[in-house]
Amino acid sequence: MTDGALPPSPVVRRLNSATIGRAAADLVMETVRSSDAPVIGVATGSSPSPLYAALTVEKGHFGGTRWFALDEYVGLPRNHPQSYAEVLRNEIVEPLGLDPSTVHVPDPHRTDLDESAAAYEALMASAGGIDLQILGIGRNGHLAFNEPGAPLDSRTRVERLSEDTRRANERFFDSLADVPTHCLTQGLGTIGEARRLLLIAQGSAKAQALHDALRGPITPRCPASILQLHGQVTVLVDDQAGALLGR
Ligand code: GLP
């Protein structure tokens with residue numbers, strides 16, 4: 001790459017809901033088989049669910065892997081079913097037969113959350129960094145819980161959730177009042193250090209955000225626009241989510 005030139009555009013593959021999970025699982029397994037100690041970054045939310053379901057056929061083939069969550073709510077009691085530690089226990093630890101001690105989530109229960117964020121960064125670094133980061137995208141263009149306005153070089157930290165994101169996640173809780181107001185999230189700079197990125201997006205609610213992320217300017221107004229700065233990005237979309245991307 002010459003000075004100032006952008007890396008190659010993200011590779012966009014259009015699939016349907018029946019095939020998107022398997023295609024994503026193939027990429028994960030490629031990474032899992034590529035080293036003795038592969039490190040996978042995992043997202044929560046509905047987007048990666050087809051991937052995790054497709055990975056269950058590989059149960060028992062994840063020895064040596066380590067897994068790092070993108071983010072976690074702050075303020076939920078330990079073992080709350082919507083805490084991302086619990087979501088990941090149900091979505092990957094049990095179905096994939098993972099050793100729970102290999103699946104890491106930022107710790108929202110420490111008194112000093114800045115320390116918690118720093119410890120999480122240190123743990124990822126000691127694992128050798130993330131080989132493949134799985135991502136969803138928020139309908140406001142957020143990545144993990146990096147809301148619009150987050151610095152493109154941000155690191156793991158405490159953040160306030162936007163009202164749009166709280167409303168989007170209300171479906172997982174009894175009411176909007178129950179949705180936490182804060183979180184710990186990997187930063188955009190942290191995410192950008194993963195060696196490979198895999199974004200999954202389905203449904204028309206993601207179309208504008210995906211367009212802005214991949215075709216718009218690289219700006220904190222659309223956190224997912226950092227994908228354009230990374231040379232190894234695969235985006236798996238259905239026709240609805242990819243509707244504004246052009247052919
Ligand atoms: C959530 C998560 C993100 C996720 C995004 C999209 O709030 N923190 O990591 O990618 O929002 O969620 P979904 O896949 O449910 O649309």
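These values consider heavy atoms only, across backbone and side chains, with no hydrogens, waters or symmetry-generated copies. Sequential numbering from 1 along the given sequence is applied to the chain's residues. Counting starts at 1 for both ligands and their atoms, following the listed order.
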- Pick, from Leu199, Thr185, Asn169, Leu143, the option with the minimum heavy-atom distance to atom 7 (O) of ligand 1.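 Checking each option, the heavy atom nearest atom 7 (O) of ligand 1 is found in Asn169.
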
- Take the angle between the ring planes of Trp67 and Phe62 and call it parallel below 30°, perpendicular above 60°, tilted in between. perpendicular

- Just let me know how Tyr73 lines up against ligand 1, side chain, backbone, both or neither, with a heavy-atom cut-off below 4.0 Å. neither

- Does ligand 1 have any atom that is closer than 4.0 Å to a heavy atom of Lys206?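 Contact check Lys206 vs ligand 1: positive.
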
- Going by heavy atoms, is Arg171 under 4.0 Å from ligand 1?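 Per 4.0 Å heavy-atom rule, Arg171 contacts ligand 1.
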
Quick one about [Y] and [X] (side-chain donor to acceptor, distance below 3.5 Å, no hydrogens or angles considered), yes or no?
X	Y	value
Gln202	Ser17	no
Ser162	Thr165	yes
Arg157	Asn146	yes

- Decide, yes or no, whether a salt bridge links Glu147 with Arg221 under the criterion of side-chain N to carboxylate O below 4.0 Å.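 Salt bridge: no.
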
Which residue and atom name correspond to the protein heavy atom nearest [atom], and how close is it?
atom	answer
atom 3 (C) of ligand 1	Ala144 O, 3.6 Å
atom 8 (N) of ligand 1	Asp71 OD2, 2.8 Å
atom 14 (O) of ligand 1	Ser47 OG, 2.5 Å
atom 11 (O) of ligand 1	His142 NE2, 2.9 Å
atom 6 (C) of ligand 1	Ile137 O, 3.6 Å
atom 4 (C) of ligand 1	Thr44 O, 3.9 Å

- Task: May I ask you to decide if Pro10's main-chain N or O and Gln232's side chain share a donor-acceptor pair within less than 3.5 Å?
- Result: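 Checked: no pair found.
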
- Pair Phe173 and Tyr73, ring centroids less than 6.0 Å apart: yes

Any idea which atoms of ligand 1 are less than 4.0 Å away from a heavy-atom of [X]?
X	result
Tyr84	2 (C), 7 (O), 8 (N)
Gly136	10 (O)
Gly45	14 (O), 15 (O)

- Message: Which residue in the set Glu193, Arg66, Gln186 passes side chain to side chain contact (heavy atoms under 4.5 Å, CB included) when paired with Met124?
- Response: Gln186

- Let me know which of Val42, Leu55, Asp131 forms a side chain to side chain contact (heavy atoms under 4.5 Å, CB included) with Val28. Leu55

